[in-house]
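Values below: all heavy atoms of this structure, side chains included; hydrogens, waters and symmetry mates excluded.
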Amino acid sequence: MFSFEGFMRINLFLRGIYRIAYLNLLWIAATVAGLVVFGIGPASYAVAAYIDRWFRFGETPPVTRAFVGHLRTHYWRSAAMGWIVSAAAAIAITNIFLATDWILQFANVLALIAVGIVAAYVFPLMAATDVRGLGRQLGTALMIGIGSLHWTIVATAAVAATFWLLANYALPLLFLFGIGIPAAAVGFVTRIVFGRLVADAAAEELHTSPPRARETTRVHAHLARGKSQ
């Protein structure tokens, strides 16, 4: 028989599945409401912000209210980021099919991979860090993806395997989890990466400055702000 703790773990897991599915539906609704062009960036930011606070700090506020709040935060900045990423992906894909030289095609395939890495990490970066400026955010997202390439590959493989299983055995579920699964995978990666950055910042501060009263446990990190500050 299951223990009470076992039932609680199952309940926690099922509630997590519900949140991911509901975030997926909210992402679709916000993207469609924004006619895709004005919705995909803010919707992606809202999902990334909610998952970041959930995975790193265990915060699970009401999904709809939190999503709408994140959607309104930095709306135009996240919309512009969506335009940049979408335009870059469209250019790379077009060049892959139109280029006559295989070297150019290969270069655009590499460019498309880089765009995919940026698209995966740039919205969590915007939600969780103090990095400002679209150019710096794009560059930092690429650095995070390449710097944690092993985790990026593991997350990509896990998402691809899950999509293959759903496509072959439960196709309708792709509608419920098509965005939520990749967002959750990226959330697990950024939880590890940002956690290490905060730990490194704490260690650096302890080694570079003597402890003072009321400041011995305070951590200032340029990345991964939140309860660590």
Closest approach of L166 and I181, non-hydrogen atoms and distance? CD1-CD1, 3.8 Å

Would you say the side chain of W27 lies within less than 4.5 Å of the side chain of I40, judging by non-hydrogen atoms? yes

Can you see which heavy atom on G178 is nearest to which on N24, and at what distance? N-OD1, 3.1 Å

Indicate yes or no: at least one non-hydrogen side-chain atom of I192 is less than 4.5 angstrom from one of F188. no

Between CG of D52 and CZ of F57, what distance do you get to the nearest 0.5 Å? 6.5 Å

At their closest point, which heavy atom of P182 faces which heavy atom of F177, and how far apart are they? CD-O, 4.0 Å

For M126, is there any backbone N or O sitting under 3.5 Å from a side-chain donor or acceptor partner on T129? no

Please identify which of these residues, I113, I84, L138, meets the side-chain contact (heavy atoms from CB on, under 4.5 Å) condition with V118. L138

Just to verify, what does Y18 make a ring-ring contact (aromatic ring centres under 6.0 Å, His included) with, not counting sequence neighbours? Y22

Any side-chain donor paired with an acceptor under 3.5 Å for T73 and Y45? no

Acceptor/donor pairs from residues 98-107 side chains to any protein atom, 3.5 angstrom cut, sequence neighbours excluded:
| unit_1 | atom_1 | unit_2 | atom_2 | d |
| --- | --- | --- | --- | --- |
| D101 | OD1 | I103 | N | 3.1 |
| Q105 | NE2 | I96 | O | 3.1 |
| Q105 | NE2 | A99 | O | 3.0 |

Sorted by chain and number, sequence neighbours left out, side-chain contact (heavy atoms from CB on, under 4.5 Å) with Y75 holds for F38, P42

Do V37 and V32 land in one hydrophobic cluster if side-chain heavy atoms of ILVMFWY residues count as linked below 4.5 Å? no

Spell out, as yes or no, whether a donor-acceptor pair under 3.5 Å connects the side chain of Q137 to the backbone of V131. yes

For the atom pair CD1 (I117) and OG1 (T156), what is the distance rounded to the nearest 0.5 Å? 7.5 Å

Quick one: are I144 and S148 in side-chain contact, heavy atoms under 4.5 Å? yes

If you round to the nearest 0.5 Å, how far is CZ of R77 from CE of M81? 9.0 Å

Using 0.5 Å steps for rounding, measure from the CE atom of M8 to the CG atom of L12. 7.5 Å

Side chain proximity check, N108 to L112, heavy atoms < 4.5 angstrom: no

Interatomic spacing from OG1 in T162 to CG in L174 - rounded to 0.5 Å: 10.0 Å

Scanning both residues in full, the closest heavy-atom pair of A127 with A48 reads CB-C, 4.4 Å

Can you say whether the rings of H70 and Y50 are parallel (under 30°), tilted (30 to 60°) or perpendicular (over 60°)? perpendicular

With side chains defined as the heavy atoms from C-beta onward, is the minimum distance between F123 and V47 less than 4.5 Å? no

In this structure, would L173 and F175 fall into the same cluster of hydrophobic residues linked by side-chain contacts under 4.5 Å? yes

When hydrophobic residues are tied together by side-chain contacts of less than 4.5 Å, even through go-betweens, does L25 share a cluster with F163? yes

Nearest atoms (heavy-atom pairs only) where V115 meets A88: CG2-CB, 3.9 Å

Answer whether the closest heavy-atom distance between the side chains of V63 and W54 falls below 4.5 Å. no

Distance from T152 atom OG1 to H150 atom NE2, nearest 0.5 Å? 8.5 Å

